[in-house]
Amino acid sequence: MNTTISTSTRASDKTKALLSVLGMLMLGMVILFAAGHAQSATLHDAAHDVRHASGFPCH
Amino acid sequence: MFPKMLTSAIGAGCAAWLLAAVLHFAFVQKYILLGEEYESGAMVHFGGAAPPAEAAATDAHSHDDATAEEGHTHDAVEEEGHSHDGAEAGHSHGGGEVSTFTRDLWTTVFFGLVYVAYALILVAGFGLARVYGKVITAREGLLWGIAGFAAFQLAPAMGLAPELPGTLAADLGERQVWWWGTAASTAVALGLLAYGRSLVTAALAVVLLAAPHVIGAPELEGFSGVAPPEVSAAFAARVLGVGLAVWALMGWVAGHLWAADKPA
């Protein structure tokens with residue numbers, strides 16, 4: 001019984017940790033896309049030098 | 001674990017931001033400005049390359065006989081460069097329409113966004129490693145940072161070299177897809193190589209490392225750069241060198257912060 005509870009708690013902790021990892025990854029990718037790749041004219045002009053200097057495809 | 005990851009990522013991202021901005025303005029920005037001089041036609045590659053007497057005696061609009069035969073003349077290149085300007089109507093390049101201060105301010109702000117984003121992705125990797133019982137310290141962080149540089153800058157640069165302003169290139173959407181695919185595939189491959197334990201994972205890693213380059217990045221037929229190749233080469237090399245330094249610092253700081261904080 002105790003073993004079952006402990007196992008399911010560990011599984012739940014692992015799921016929560018993996019969700020945190022996924023959330024972190026998505027947050028990073030969304031910001032990276034907006035700053036480095038989105039083609040709104042305003043974003044592009046403001047980020048122009050950074051995009052060239054980071055090796056992102058710019059134009 | 002999320003707050004702990006966020007703390008490490010923001011700390012490391014800010015350290016990287018500072019170094020990236022300093023190194024960019026010290027080593028890279030002048031090449032962007034120089035590239036724009038050639039892009040706008042304010043400077044002309046061949047016109048300024050040879051002493052006046054020699055330039056007058058030779059055809060200043062072609063590299064040499066061999067390139068002239070190939071039809072790669074400076075006139076043709078310049079026309080393409082100008083048509084690029086036309087195609088990018090409203091695309092200011094920051095020159096002329098905004099002050100240098102404003103331009104550099106935005107550059108600094110966007111370096112912050114880019115490196116905080118990279119740090120979030122890097123620390124998400126730390127979190128994944130912890131789920132599987134791997135300990136990350138400053139030393140591992142440094143290696144992760146160098147691997148991150150390889151995934152997000154070096155490997156994409158092998159197909160899409162950092163472009164000086166004024167360089168014509170293939171369809172933007174296709175290049176962006178190749179960029180993201182290469183970064184993701186290289187990152188996963190390096191993770192498998194570092195933490196995988198079987199020949200199968202090593203073999204899969206090699207396939208993932210090679211695949212983007214076997215497929216090949218989208219590219220145009222022919223070459224169209226208006227700036228001297230020395231400028232493009234120095235720009236690309238400095239971008240990669242600065243990237244390595246910044247990623248290494250970011251990884252080290254992230255690993256240090258990650259190890260200093262007790263598991264949440």
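Order of the sequence lines fixes the chain letters, A, B, ..., with proteins taken first and strands second; residue numbering starts at 1 for each chain.
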Next item on the list: Using the side-chain contact (heavy atoms from CB on, under 4.5 Å) rule, take A/His48 and B/Arg103 through it: C-alpha gap first, then chi angles, then the decisive distance, then the call.
Entry: CA-CA 9 Å; A/His48 177 264; B/Arg103 176 179 182 161; 4.3 Å; yes

I need the [X] [atom1] to [Y] [atom2] distance, nearest 0.5 Å.
| X | Y | atom1 | atom2 | answer |
| --- | --- | --- | --- | --- |
| B/Leu120 | A/Met26 | CG | CE | 12.5 Å |
| A/Leu27 | B/Leu6 | CG | CG | 7.0 Å |
| B/Leu128 | A/Leu18 | CG | CG | 6.5 Å |
| A/His59 | B/Arg175 | NE2 | CZ | 8.5 Å |
| B/Trp106 | A/Asp49 | CH2 | CG | 13.5 Å |

By a 4.5 Å heavy-atom criterion (distance strictly below it), what part of [X] contacts chain A: side chain, backbone, both, or neither?
| X | answer |
| --- | --- |
| B/Ile32 | side chain |
| B/Tyr31 | neither |
| B/Tyr132 | side chain |
| B/Tyr115 | neither |
| B/Glu163 | both |

Next item on the list: Step through it carefully: locate the ring centre of B/Trp180, locate the ring centre of A/His37, and say whether they are under 6.0 Å apart.
Entry: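 Yes - the distance between ring centres of B/Trp180 and A/His37 falls below the 6.0 Å cut-off.
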
Next item on the list: Mind checking side chain to side chain donor-acceptor pair (under 3.5 Å) for B/Glu140 and listing every partner two or more places apart, or none if nothing turns up?
Entry: B/Thr137

Next item on the list: Could you list the residues that satisfy side chain to side chain donor-acceptor pair (under 3.5 Å) with B/Trp17, not counting sequence neighbours?
Entry: none

Of all of [options], which one pairs up most often with chain B through heavy atoms under 4.5 Å apart?
| options | answer |
| --- | --- |
| A/Val30, A/Val21, A/Leu25, A/Leu19 | A/Val21 |
| A/Met29, A/Arg51, A/Gln39 | A/Met29 |
| A/Gly36, A/Ser20, A/Gly55, A/Ser54 | A/Ser20 |
| A/Ala53, A/Gly23, A/Ala17, A/Ala34 | A/Ala53 |

Next item on the list: Please name the pair of heavy atoms, one in A/Pro57 and one in B/Leu160, separated by the smallest distance, quoted to 0.1 Å.
Entry: CG-CD1, 4.0 Å

